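Only one structure is covered here, and it is reproduced in the block below.
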Amino acid sequence: MAAKDAGEKRDTAMVEVVISTDLRAARAAEERILRAVEAHGYRREATFAIRLSLEEAITNAVKHGNGNDRSKHVRLRYHITDKEAVIYVADEGPGFNPGTVPDPTTPPRLSLPSGRGIMLMRAYLDEVRYNRKGNEVCLVKKNE
Amino acid sequence: MSAPQTTGSPFQLDVDRQPEGTVIHLRGAVTLGFAESFTEVLHAAVSTATAPIVLELADLTFINSAGLGALVETHLWCHDKGRVVRVVSPPPAIEQLLALTHLNELFDVHASVADALRTDRPTGPSGDA
């Protein structure tokens, strides 16, 4: 893990954090990334968007990617500048095709308790890109 | 009255039983790793509540899709029991979230607690609620 203080406003190189497959354990990493975002002066709406998208990506990595297997890990890499926040979330799963995920906003899926994560990431961010395998997502939010 | 909370929980539910129904105030953030406990606490609160059940969101600062899923599950559970659930005063960020997910079409969203409770009152001869 790179030893950068994310609370400081520095345009550092990519910072990497590896966390266990545990949603509550991921909160410390999330808070660290959000401190870096706030230090770079992102508006409240942008910070909300980054927080929401990061939680959705981590949740997908933990539950669907790693199947809640505590022996596996989630790798976060992030680079926050005054212009944009770029965050990669990777799991150890087999990957998936994000193009096959159905629209959760139409009946009967509207009344399902899950399935909204990817749609929300796409709605709130400027870019959402998956690697070819589908086990790493890149989240991009511009500071506008 | 506060519903049972999880230690260190970033959210809080306060249950206010009124003659016209039950108002559940949701405060704080439903964040990573707390969706299950949020579901449990919310279910415990609504299971003993008298309808209509009003979820007041004015002090809800954040909720992720798992938390939204808990709201959907609660709504459906109450619907199956014939209980009305209404959502009141979502802050702008939460209101946008409900709109983007189209959950504002599933939930009955009202501007105020009084409005949400008033909707069930019988209409008198003069037409007054």
Side-chain angles (χ1 to χ4, degrees), chain A residues 17 19-34 42-64 68 70 74 76 89 101-125, chain B residues 5-11 28-40 42-43 46 55 57 59-81 85 87 90-109:
Chain A
V17 182
I19 59 176
S20 60
T21 298
D22 181 335
L23 290 175
R24 292 195 184 182
R27 290 188 70 205
E30 178 195 50
E31 288 169 5
R32 184 175 174 180
I33 293 171
L34 292 177
Y42 284 64
R43 290 186 303 124
R44 183 184 301 179
E45 293 83 357
T47 304
F48 183 96
I50 292 167
R51 180 182 187 183
L52 180 65
S53 302
L54 182 56
E55 293 210 359
E56 301 305 332
I58 291 173
T59 300
N60 286 346
V62 166
K63 287 189 173 180
H64 305 301
N68 291 308
R70 297 284 181 115
V74 175
L76 304 174
V89 180
V101 176
D103 180 359
T105 65
T106 55
R109 297 194 174 275
L110 181 59
S111 56
L112 293 180
S114 59
R116 298 178 176 85
I118 294 174
M119 182 276 285
L120 288 174
M121 287 190 275
R122 288 175 172 150
Y124 277 92
L125 298 178
Chain B
Q5 311 292 317
T6 303
T7 303
S9 172
F11 65 84
V30 183
T31 188
L32 271 180
F34 284 93
E36 285 186 14
S37 58
F38 177 63
T39 304
E40 290 169 5
L42 185 57
H43 185 82
V46 300
L55 301 179
L57 308 185
D59 293 319
L60 184 66
T61 58
F62 178 85
I63 188 166
N64 56 26
S65 73
L68 290 176
L71 293 181
V72 170
E73 283 185 337
T74 299
H75 167 80
L76 295 177
W77 186 86
C78 290
H79 186 264
D80 286 347
K81 304 286 184 190
V85 177
V87 171
I94 307 299
E95 191 171 30
Q96 182 189 25
L97 192 52
L98 294 176
L100 283 168
T101 53
H102 291 217
L103 288 177
N104 56 355
E105 298 169 12
L106 187 69
F107 301 141
D108 191 7
V109 182

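Every chain is numbered from 1 and lettered A, B, ... according to where its sequence line falls, protein lines coming before strand lines. These numbers were taken from a predicted model, which means no experiment stands behind them.
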Inspect the surroundings of CD in A:Glu45 and state if more than 12 heavy atoms from other residues, nucleotides or ligands are less than 6.0 Å away.
-> yes
Could you state the interatomic distance from CD1 (B:Ile94) to CZ (A:Phe48), rounded to the nearest 0.5 Å?
-> 4.5 Å
Are B:Phe34 and A:Leu23 side-chain neighbours, meaning at least one heavy-atom pair lies under 4.5 Å?
-> no
With sequence neighbours left out, the residues meeting ring pair (Phe, Tyr, Trp, His ring centres under 6.0 Å) with B:His43 are B:Trp77
Checking heavy atoms, do the side chain of A:Ala123, its backbone, both or neither come under 4.5 Å from chain B?
-> side chain
Under the side chain to side chain contact (heavy atoms under 4.5 Å, CB included) test, residues paired with A:Glu30 that sit two or more places apart | A:Leu34, A:Arg51, A:Leu54, A:Glu55, B:Thr31, B:Leu32
Residue part contacting chain B, namely of A:Leu120, when any heavy atom lies under 4.5 Å | side chain
Under 4.5 Å from any heavy atom of chain A - which part of B:Leu97 = both
Filtered by a 4.5 Å non-hydrogen cutoff, the part of residues 99-109 of chain B contacting chain A is B:Leu100, B:Thr101, B:His102, B:Leu103, B:Glu105, B:Leu106
Distance-minimising heavy-atom pair for A:Arg24 and B:Gly33 | NE-O, 2.9 Å
Side chain to side chain donor-acceptor pair (under 3.5 Å) partners of residues 113-125 of chain A, not counting sequence neighbours, each pair once | none
